[in-house]
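Sharing a structure here in structure tokens format.
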Amino acid sequence: MKRYGKYIRPYWKSFVFGPILMVTEVVGEVLLPSFMADIINIGAVQHDVAFIIRMGLVMLLTAAVMMLGGIGGAYFSARAAISFAADLRSDVFRKVQDFSFRNIDTYSTGSLITRLTNDITQVQNVIMMGLRLLLRAPGMLIGAIIMAFVMNAELALILVIVIPLLAGAIGVVIRIAFPRFEIMQKKIDALNSRIQEALVGIRIIKSFVRDDFEEAKFAQSNTELKEAGLRAFRIVIFNMPIMMLAMNVTTLAVVWFGGRQVLFGTMPVGDLTAFTTYIVQVLMSLMILAMVLLQSSRAVAGLKRITEVLDTEVDLTDAAAARKDAVVREGKIEFRNVMFSYYKSSGNKSLPALSDISFTIAAGQTVGIIGATGCGKTSLVQLIPRLYDVDAGGVYVDGIDVRDYSLRHLRDGVGMVLQKNVLFSGTIAENLRWGDETADADAVRAAAASAQAAGFIASFPDGYDTNLSQGGVNVSGGQKQRLCIARALLKKPRILILDDSTSAVDTATEAEIRKCFANELKDTTKIIIAQRITSVMDADQIIVMEEGRIADMGTHAELLTRCDAYHEIYESQMSREVSA
């Protein structure tokens with residue numbers, strides 16, 4: 001818990017004042033029964049109306065002070081808890097942003113969403129509840145016990161029997177409930193993942209008419225969460241009946257034995273009334289503490305999951321970088337005997353994604369990469385901006401190992417358009433300025449023109465101020481690809497990587513994009529991954545990949561004469577174009 005102290009320190013006044021102000025309610029609750037006893041024992045018995053009025057005013061004043069204290073305590077408690085949760089949520093989100101791809105692969109998206117929302121909200125609610133009841137419940141418990149023993153020590157011995165039995169029963173309930181809450185949180189993870197997957201793929205679901213299938217999968221996840229929730233709360237529901245049973249039995253015992261004392265004249269009627277109230281306060285305070293502890297057990301389960309994220313060791317950092325001040329200036333790339341595998345802990349080292357990769361790309365060259373699906377093309381280019389790290393060998397940019405750059409400087413020098421084109425909610429201009437947030441309108445338009453996106457943007461009524469839905473679902477696949485290319489161009493990188501990023505545009509548009517690259521990005525090193533051989537045949541070099549290895553490398557003419565795999569791809573695609 002030491003690590004969470006930093007979320008308390010900025011708001012220590014709220015953490016202190018909240019419980020202190022709640023003490024006023026405790027004092028009032030302890031004093032009010034004794035005031036009532038005096039009214040009965042003195043005012044009513046002696047028919048002293050003035051005394052009754054005077055004590056009534058004292059009780060009203062006490063109630064007013066209690067109200068002010070309660071309002072102030074609730075305000076500071078809420079402020080402390082909400083601020084704590086906001087800062088914690090920011091740190092967890094920041095940690096997730098620092099994750100490498102491999103770190104992200106270990107968590108499901110739904111799980112991270114649950115931890116950032118539901119789990120932190122549970123912690124927030126318990127802190128708020130705890131601050132409001134931290135001193136109130138124990139204070140009321142101790143104060144009521146003391147007043148009960150002062151008023152009638154013999155009758156108060158009932159509490160000596162009831163409290164240990166009640167505490168033991170509550171402890172058993174909490175001990176059984178805690179692991180069940182952990183399971184319930186995992187089921188929430190699974191449900192969130194299912195919802196996210198269904199919403200992201202809603203167009204695919206509808207186009208394949210798989211509504212029933214997805215509804216059945218959701219129903220299963222929903223049912224599992226329901227059953228886990230019922231299993232957890234099946235234990236929790238015992239808490240209130242146990243408390244009410246204890247309260248009623250204790251009250252009956254007090255009235256039975258206290259009533260006998262009143263009949264024998266050893267206890268005033270007013271004292272019996274006040275004593276009964278104190279007994280109720282003792283049991284109510286225990287009930288409140290039990291409720292806090294039960295909620296805490298769920299929050300602790302959530303806090304454990306939050307800590308797991310915060311304690312995750314990010315396996316890709318620039319902490320050991322030897323050249324943190326270096327920036328990418330030319331764009332020369334060299335791979336030296338590179339080996340890479342995604343599954344390092346599974347024992348599947350015999351099937352690496354990349355094996356013995358060595359080649360050099362001169363600054364300003366255009367290099368095409370072609371090969372069958374799953375041959376390692378994307379894995380290879382992801383090593384350049386250190387989205388993953390090599391297992392063996394090295395990747396060098398401008399003669400410097402990419403692991404010796406700071407991540408910011410390295411990635412600032414690399415523009416990348418991934419296979420999956422992602423746009424964010426906001427205007428087209430805002431999305432393009434991801435490449436350069438300081439770019440003016442002319443620079444934005446120039447990048448869009450180079451990516452052959454200016455025409456369709458101009459066709460929108462709002463132009464560059466057109467709002468894109470989440471994921472860019474209100475533009476076509478080809479338009480989305482061109483916007484992503486424009487975003488990368490606006491970055492003005494020294495190295496530009498296009499990972500099958502023109503697959504959704506027609507060949508004429510693709511040719512115009514390549515022409516702009518040749519004319520406007522002469523000094524930029526360009527790596528183009530493509531399925532269409534026409535996309536790479538004009539490149540300075542073409543890398544042909546097979547099963548994680550380089551089968552051959554050369555110009556289009558050279559590969560046609562000596563590389564069977566390349567010649568086969570060429571003949572297959574060209575014959576289809578001729579027949580079409």
Q: Find out whether Arg94 and Asp91 are in side-chain contact, i.e. whether some heavy atom of one side chain is under 4.5 Å from a heavy atom of the other.
A: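 Touching, per the 4.5 Å side-chain cut-off.
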Q: Quick one: do Asp318 and His409 satisfy side chain to side chain contact (heavy atoms under 4.5 Å, CB included)? Show the steps, please.
A: CA-CA 10 Å; Asp318 53 18; His409 286 167; over 6 Å; no
Q: To the nearest 0.5 angstrom, please state how far the NZ atom of Lys187 sits from the OG1 atom of Thr223.
A: 11.0 Å
Q: Output, in order, the C-alpha distance, side-chain angles, deciding distance and verdict of salt bridge (Lys or Arg N to Asp or Glu O under 4.0 Å) for Lys217 and Glu214.
A: CA-CA 5 Å; Lys217 286 167 65 177; Glu214 286 299 318; 3.4 Å; yes
Q) If you draw a 6.0 Å radius around NZ in Lys95, do more than 12 non-hydrogen atoms from other residues or ligands fall strictly inside? A)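 For Lys95, atom NZ is crowded (more than 12 foreign heavy atoms under 6.0 Å).
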Q) Any chance CZ of Phe93 has more than 12 other-residue heavy atoms, nucleotides or ligands included, within less than 6.0 Å? A) no
Q) Is the closest side-chain heavy-atom distance between Ile306 and Ile120 below 4.5 Å? A) yes
Q) If you look at every heavy atom in Ser14 and Pro19, which pair is closest and at what distance? A)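 Distance-wise, the nearest heavy atoms are O-CD, 4.2 Å.
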Q | Lys491 side chain vs Val414 backbone, donor-acceptor pair below 3.5 Å | A |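 At least one qualifying donor-acceptor pair exists.
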**Q.** Distance in Å, Glu215 CD paired with Phe213 CZ, rounded so as to fall on 0.5 Å steps
**A.** 12.0 Å
**Q.** Phe15 and Phe84 aromatic ring geometry - parallel, tilted or perpendicular at 30°/60° bounds
**A.** perpendicular
Q.
To the nearest 0.5 Å, what is the distance between CD1 on Ile71 and CE on Met22?
A. 10.5 Å
Q) Around Lys324, counting heavy atoms of other residues, nucleotides and ligands shown, do more than 12 lie under 6.0 Å from its NZ? A) yes
**Q.** 4.5 Å side-chain heavy-atom contact, Asn118 and Gln122
**A.** yes
(Q) Tell me every residue that passes side chain to side chain donor-acceptor pair (under 3.5 Å) with Asn222, counting only those two or more places apart in sequence or in another chain. (A)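 Partners of Asn222 under the side chain to side chain donor-acceptor pair (under 3.5 Å) test: none.
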Q) What heavy-atom pair brings Ala321 and Tyr405 nearest, and what distance separates the two atoms? A)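 Closest heavy-atom pair between Ala321 and Tyr405: CB-O, 3.5 Å.
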Q: Report yes if the side chains of Leu88 and Leu310 come closer than 4.5 Å at any heavy-atom pair, otherwise no.
A: yes
Q.
When you compare the side chain of Ile457 with that of Gln479, does any pair of heavy atoms fall below 4.5 Å?
A.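 Side-chain contact under 4.5 Å: no.
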**Q.** Those residues that, when tested against Phe99, pass ring-ring contact (aromatic ring centres under 6.0 Å, His included) (two or more places apart)
**A.**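 ring-ring contact (aromatic ring centres under 6.0 Å, His included) check on Phe99 returns Tyr107.
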**Q.** For Ser77 against Gly18, the heavy-atom pair lying closest together
**A.** OG-CA, 4.0 Å
Q) Would you say Gln97 has more than 12 foreign heavy atoms packed within less than 6.0 Å of its CD? A)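 Counting other residues, nucleotides and ligands, CD of Gln97 exceeds 12 neighbours.
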Q) Any side-chain heavy atom of Arg305 within less than 4.5 Å of one from Thr114? A)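 Counting from C-beta outward, Arg305 and Thr114 do come under 4.5 Å.
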**Q.** Asn103 side chain near Leu316 side chain, heavy-atom distance below 4.5 Å
**A.**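 With C-beta onward as the side chain, the pair stays apart.
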Q: Measure across Leu410 and Arg386 and return the closest heavy-atom pair with its distance rounded to 0.1 Å.
A: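 Scanning both residues completely, I find the closest heavy atoms to be CD2-CG, 3.7 Å.
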Q. Any donor and acceptor pair, going by atom type alone, linking the side chain of Thr24 with main-chain N or O of Leu21 inside 3.5 Å?
A. yes
**Q.** Donor-acceptor contact present, side-chain Thr466 to main-chain Gly463, <3.5 Å
**A.**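 Looks like yes, one N/O pair under 3.5 Å.
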Q) Is the backbone of Trp434 close enough, under 3.5 Å, to the side chain of Arg487 for a donor and an acceptor to pair up by distance? A)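 No; zero donor-acceptor contacts below 3.5 Å.
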Q.
Taking atom NZ as the centre, does Lys226 end up with more than 12 heavy-atom neighbours from other residues, nucleotides or ligands that are less than 6.0 angstrom away?
A.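 At most 12 heavy atoms, drawn from other residues, nucleotides or ligands, come within 6.0 Å of this atom.
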Q: Work out which heavy atom in Ala439 is nearest to a heavy atom in Val444; give both atom names and the distance.
A: CB-CG2, 4.3 Å
**Q.** Under 3.5 Å side-chain donor-acceptor pair for Ser90 and Asp87
**A.** no
(Q) Between Tyr464 and Thr427, does the side chain to side chain contact (heavy atoms under 4.5 Å, CB included) criterion hold? Intermediate values first, please. (A) CA-CA 7 Å; Tyr464 288 85; Thr427 66; over 6 Å; no
Q: Spell out, as yes or no, whether a donor-acceptor pair under 3.5 Å connects the side chain of Asn474 to the backbone of Asn467.
A: yes
Q. Any donor and acceptor pair, going by atom type alone, linking the side chain of Arg115 with main-chain N or O of Thr307 inside 3.5 Å?
A. no
Q.
Would you compute the distance between atom CG of Leu165 and atom CD1 of Ile161 and round it to the nearest 0.5 angstrom?
A.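 It is 8.0 Å, given to the nearest 0.5 Å.
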(Q) Quick check against the 3.5 Å criterion: does Arg411 have a side-chain atom that pairs as donor or acceptor with the backbone of Pro385? (A) yes
Q.
Is there a side-chain contact between Val475 and Phe460 in this structure, where contact means two heavy atoms from C-beta onward sitting under 4.5 Å apart?
A. yes
Q | From Asn125 atom CG to Ile82 atom CD1, the distance as rounded to the nearest 0.5 Å | A | 9.0 Å
Q) Between atom CG of Leu423 and atom CG of Asn431, what is the distance when rounded to the nearest 0.5 Å? A) 5.0 Å
Q. For the residue pair Ala299 and Val126, what are the closest heavy atoms and their distance?
A.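 Heavy atoms only, the tightest pair is CB-CG2, 3.4 Å.
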